[in-house]
Each structure stands twice: as structure tokens, then as C-alpha cells.
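Reading through the C-alpha cells given below for one structure.
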Amino acid sequence: MAERRIGIIVNGATGRMGYRQHLVRSLLAIQEQGGVELADGDRLVPDLLLVGRNEEKLRGVAEKHGLLNWTTDVDEALANDDYEVYFDALVTNLRVENLKKAIAAGKAIYTEKPTAETFEDALELARLATEHGTVNGVVHDKLYLPGLLKLRRLLEGGFFGEILSVRGEFGYWVYEGDWQAAQRPSWNYRSEDGGGIVADMFPHWNYVIEELFGRIEDVYAQTATHIGTRWDEKGEEYTATADDAAYGIFRLEGGTVVQMNSSWDVRVHRDELVEFQVDGTKGSAVVGLHGAHIQPREATPKPVWNPDVKDPHNYYDDWIEVPDNEPFDNGFKVQWEDFLRHYAEGRAYPYDFLSGARGVRLAEAGLTSAAEGRRVSLDPLTEA
């Protein structure tokens with residue numbers, strides 16, 4: 001067994017996602033565990049080059065974690081042949097330009113989503129990556145979470161029979177920022193800065209749905225900006241121009257219907273911030289980010305509708321908790337390990353720019369549907 005170094009450029013290292021999930025909880029955690037074990041027994045150990053726009057913040061992050069290599073010049077970083085992988089965690093409206101630079105520089109690329117603000121740009125990235133032979137991957141973190149891994153186990157075991165419908169609830173109350181600070185950055189609520197819950201969440205729903213349940217054939221969506229006035233990080237009032245809630249219906253190839261509610265204006269009354277209920281002919285499941293409960297056909301109660309009499313039955317008691325059966329690590333970290341293994345071993349990575357483009361297309365179709373009040377069809381997209 002030998003250690004093999006791999007140079008990774010981390011652009012956006014001081015941002016919320018770039019710092020917390022990708023730098024601290026993923027890449028530094030991989031370093032601390034001694035790298036990623038490969039099929040031949042070698043271990044791949046990341047060597048990090050941090051990139052950011054704010055020199056003071058970047059220096060602070062580097063010093064805090066004992067990292068020596070950092071720069072505010074992305075072109076300088078991309079010109080460094082010692083770093084072969086480029087990771088992008090910038091805000092969306094800066095992503096396309098930097099991904100194109102990384103493709104031209106011959107880097108392998110792993111990036112946050114959405115890959116672009118428009119489907120046209122996202123598809124162009126996929127085409128460029130194919131033309132240049134660029135190894136590429138897009139963050140699909142939810143597929144690596146314990147709850148969805150349990151759901152995949154149920155699907156592969158044939159638990160549901162024929163899947164009839166999926167209902168998803170996502171969201172929480174994001175403070176307006178006046179008397180309590182908001183938990184999300186203000187750009188999320190400005191469409192001119194690439195904000196909006198559709199742009200943020202529909203790419204997630206696309207990969208979750210298509211990987212677990214099937215291809216989306218069409219979408220009907222209604223969006224809203226429920227809270228029109230918010231306060232930014234400096235306490236200054238601004239007008240919210242982006243959608244902060246979306247209510248979507250997705251019809252899948254084969255007939256399954258998926259309903260997804262996404263909102264930053266909802267108070268949580270469920271076990272987790274996102275939950276999916278999957279109903280099939282042989283059983284149902286309610287799955288969150290971590291937990292999963294099932295109800296098989298044989299143990300399903302037989303309710304009788306009578307609104308005049310209080311029902312004494314506790315329906316929650318009819319569900320069975322799905323056991324872990326294995327240890328689960330941080331989903332972002334696990335996907336980093338998966339991508340690095342694929343890259344180091346020369347295997348094509350399934351969650352690529354084309355998958356990312358399908359997510360951007362779904363967001364664009366959702367916004368079109370909401371604006372025009374119609375259902376929007378989506379053709380298969382298997383090549384750029």
C-alpha cells in the first residue's frame with residue numbers, strides 16, 4: 001500500500017458550502033483519515049490549493065487549518081500543473097466562466113450545482129467537457145445521505161411493488177433578517193443574482209427523482225414570492241425578486257406522479273427538513289435525510305372515514321423504522337471519495353455535467369411552467 005498525492009484546487013473555499021461541507025467536513029476529513037482507499041490498496045491523499053476573492057478571509061481559513069497554499073488569482077491556480085482537479089463552490093452566476101477556464105486548462109472538474117444559470121450554458125459545458133475529454137462530476141449529495149441510501153435499499157429489494165406516487169416536503173422558516181438574522185444569504189432572494197428556490201432545489205429534485213424513480217417526462221409548477229421584503233447581511237432592507245416557494249408536479253416515464261413542495265416560508269411539523277413519502281402497491285415508506293419508516297401491505301390499517309367521530313387510532317404506530325445496518329458518513333464526504341476513486345481508477349463518473357444540465361433544464365422548465373400556466377414536456381437528454 002502506498003500513498004498517492006492528488007492536487008485539488010478549491011475555488012470558493014470561504015463560502016458557506018465551500019468551507020463547511022466541502023473543505024472542513026469533506027476534504028480535510030479525508031486528509032485526517034489518511035486519504036481515500038483505492039481498489040489496488042493505495043490511498044489517495046488530497047493536497048489542497050485554496051482560492052477565494054477575499055484575501056483576508058482566505059488567509060484566515062488557511063491559517064486556521066494549517067494550509068499553506070492559497071491564492072486570490074484563479075488563473076494562477078489553474079496554471080499550476082501540480083493541481084489536477086478543480087472544484088467550484090462559487091455563487092452560480094460566476095460558475096460558467098470558471099468551469100470553462102478549468103476545461104481549457106485540462107483539469108478534471110468536480111463542481112457544486114447548479115452548473116449554470118441557464119440550460120443553454122449548462123449544456124454547452126457538457127459539450128465542452130466531452131470535446132476536451134474532461135473528467136467531470138457534479139455534486140449530487142442527497143443520494144449519499146442515510147435516508148436516501150435506505151430508500152435505495154428498499155427499491156432494490158422490491159419492497160414497494162409498483163410505485164404509484166411520491167410526495168415530497170422540503171423547507172423551513174428563513175427569517176426575514178430584520179429582528180433576527182436570516183439563515184441564508186440575501187442573494188438567494190434576488191433573481192438578478194441567480195437566486196430563487198427553483199434554481200436552488202429543482203436540480204436536486206431532478207437527480208433524486210431520475211436516479212431513484214425514473215425519468216421526468218413533464219412538469220407543472222406554481223411559484224411564489226411569499227415574503228417580498230427582506231434585510232441583508234448589513235441590516236439593509238431590500239426587495240425580494242426571486243421565488244421563495246415552489247409547488248411542483250412531475251410526471252415520470254411509466255406513470256408515477258411526484259409532487260414536491262419547496263419553501264423557505266414554512267414552519268416545520270415533520271421529523272426532518274425534507275421528507276419523501278413513497279406509496280406503492282406492496283408498501284409505503286416515509287424517508288428523510290437520515291430516518292426511514294415503512295408500512296408493508298400486510299400491516300396497513302383499514303381506516304373508515306367518519307368526520308363526526310374522533311378516531312382513536314394512532315397511525316404513526318403502524319410504521320416500522322428501517323435499521324441502519326451499516327455506518328453512514330457525511331454525504332458530501334462520501335461523494336468526494338466516490339468521485340476521486342472514479343477519477344484515479346479511470347472510470348466514468350455517472351453524475352456528470354450532462355446530469356447537471358438536466359437539473360438546470362428542470363429548473364428552467366419549472367419557471368416557464370409557472371410563468372405561462374402550463375405543463376412543460378421534457379424530452380430524453382442522454383448526450384450533449
Side-chain angles (χ1 to χ4, degrees), residues 6 8 10-12 17-18 21-22 25-27 30 36 38 44 46 85-90 92 95-96 98-99 102-103 107-116 119 121-130 132-149 151-153 155-156 199-216 250 252 274 276 289 328-364 378 380-384:
I6 182 166
I8 302 174
V10 183
N11 195 4
M17 292 296 293
Q21 290 291 10
H22 292 287
R25 297 172 185 169
S26 298
L27 292 168
I30 290 171
V36 178
L38 304 177
L44 197 64
V85 176
Y86 171 81
F87 173 67
D88 193 292
L90 297 172
T92 307
R95 184 160 293 140
V96 170
N98 285 280
L99 291 181
I103 292 171
K107 306 297 184 184
I109 300 173
Y110 183 53
T111 180
E112 263 291 352
K113 88 231 120 286
T115 53
F119 173 54
D121 284 343
L123 195 59
E124 183 186 7
L125 287 173
R127 290 183 184 130
L128 287 172
T130 299
H132 286 76
T134 303
V135 176
N136 62 93
V138 179
V139 174
H140 283 26
D141 57 287
K142 306 243 176 329
L143 294 175
Y144 293 81
L145 291 167
L148 271 71
L149 291 172
L151 175 55
R152 188 185 289 276
R153 189 195 308 161
L155 289 162
E156 292 174 350
D200 188 23
M201 296 311 303
F202 273 38
H204 280 293
W205 305 149
N206 185 81
Y207 70 71
V208 168
I209 292 168
E210 74 175 17
E211 283 297 318
L212 297 178
F213 305 112
R215 186 180 69 81
I216 300 173
F250 311 100
L252 309 190
V274 62
F276 302 90
L289 300 178
F328 295 108
D329 206 344
N330 178 282
F332 285 90
K333 175 174 174 283
V334 174
Q335 189 176 0
W336 261 108
E337 293 171 334
D338 195 25
F339 173 76
L340 291 175
R341 285 193 190 96
H342 276 78
Y343 170 62
E345 295 168 359
R347 295 180 286 126
Y349 192 62
Y351 310 133
D352 58 7
F353 280 4
L354 191 60
S355 176
R358 290 195 294 270
V360 175
R361 180 180 67 165
L362 182 65
E364 209 166 83
L378 300 172
L381 180 62
T382 57
E383 59 182 28

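Everything quoted here is computed from the prediction, not taken from an experiment.
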Could you tell me the separation between the CG atom of L340 and the CD atom of E337, rounded to the nearest 0.5 Å? 8.0 Å
For H140, which residues count as a ring pair (Phe, Tyr, Trp, His ring centres under 6.0 Å) partner, sequence neighbours excluded? Y207, Y351
Pair L148-R152, side-chain contact (heavy atoms from CB on, under 4.5 Å): steps then yes or no: CA-CA 6 Å; L148 271 71; R152 188 185 289 276; over 6 Å; no
Spatial distance of atom CG (L151) from atom CG (L212) [nearest 0.5 Å]: 5.5 Å
Modelled atom types, side-chain donor and acceptor of Y86 and N11, under 3.5 Å: yes
Side chains of R153 and L149, heavy atoms from C-beta outward: is any pair under 4.5 Å? no
Counting only N and O atoms by type, is there a donor-acceptor contact under 3.5 Å from the side chain of E364 to the main-chain atoms of G359? no
Apply salt bridge (Lys or Arg N to Asp or Glu O under 4.0 Å) to residues D141 and K113 and explain how you reach the verdict. CA-CA 10 Å; D141 57 287; K113 88 231 120 286; 3.7 Å; yes
Side-chain donor-acceptor contact under 3.5 Å, Y144 with D338: yes
Name the residue from V208, V334, V274, L289 that meets the side chain to side chain contact (heavy atoms under 4.5 Å, CB included) definition with L145. L289
Taking the side chain as C-beta and beyond, is there a heavy-atom pair between I109 and V85 under 4.5 Å? no
Report yes if the side chains of N330 and Q21 come closer than 4.5 Å at any heavy-atom pair, otherwise no. yes
Heavy-atom distance under 4.5 Å between the side chains of P350 and H342, does that happen here? yes
Report the residue from Y343, F332, W336 that forms a ring-ring contact (aromatic ring centres under 6.0 Å, His included) with F87. W336
How far apart are the C-alpha atoms of V139 and H22, what are their side-chain angles, what is the distance that settles it, and do they pass the side-chain contact (heavy atoms from CB on, under 4.5 Å) test? CA-CA 10 Å; V139 174; H22 292 287; 3.8 Å; yes
Nearest non-hydrogen partners of D352 and V138, listed with the distance: O-CG2, 3.4 Å
So, R361 side chain and A122 main chain: donor-acceptor pair closer than 3.5 Å or not? no
Separation of L354 CG from N136 CG (nearest 0.5 Å): 9.0 Å
Answer whether the closest heavy-atom distance between the side chains of E210 and N206 falls below 4.5 Å. yes
Just do the side-chain contact (heavy atoms from CB on, under 4.5 Å) check on L362 and F250 with the steps written out, would you? CA-CA 10 Å; L362 182 65; F250 311 100; 3.8 Å; yes
In short, G12 meets A89 closest at the heavy-atom pair O-CB, 4.1 Å
Taken to the nearest 0.5 Å, the spacing of N98 CG from T111 OG1 works out to 9.5 Å
Nearest heavy-atom pair of A116 and D121: which atoms, and what distance? CB-CB, 3.7 Å
Side-chain contact test, heavy atoms from C-beta onward, threshold under 4.5 Å: evaluate it for L252 versus R215 and give yes or no. no
Check whether any side-chain heavy atom of R341 sits under 4.5 Å from a side-chain heavy atom of V36, and report yes or no. yes
Shortest non-hydrogen contact from V10 toward L27: CG2-CD1, 3.7 Å
What about F276 and F213, are their ring centers closer than 6.0 Å? no
Between CD1 on residue I8 and NZ on residue K107, distance to nearest 0.5 Å: 12.0 Å
Rounded distance [0.5 Å steps], CD in E211 versus CG in L143: 6.0 Å
Return the orientation label for the F339 and Y349 ring planes: parallel under 30°, perpendicular over 60°, tilted otherwise. perpendicular
What one should report as the nearest heavy-atom pair of F353 and L125 is CD2-O, 3.5 Å
Please name the pair of heavy atoms, one in I103 and one in A129, separated by the smallest distance, quoted to 0.1 Å. CD1-N, 4.1 Å
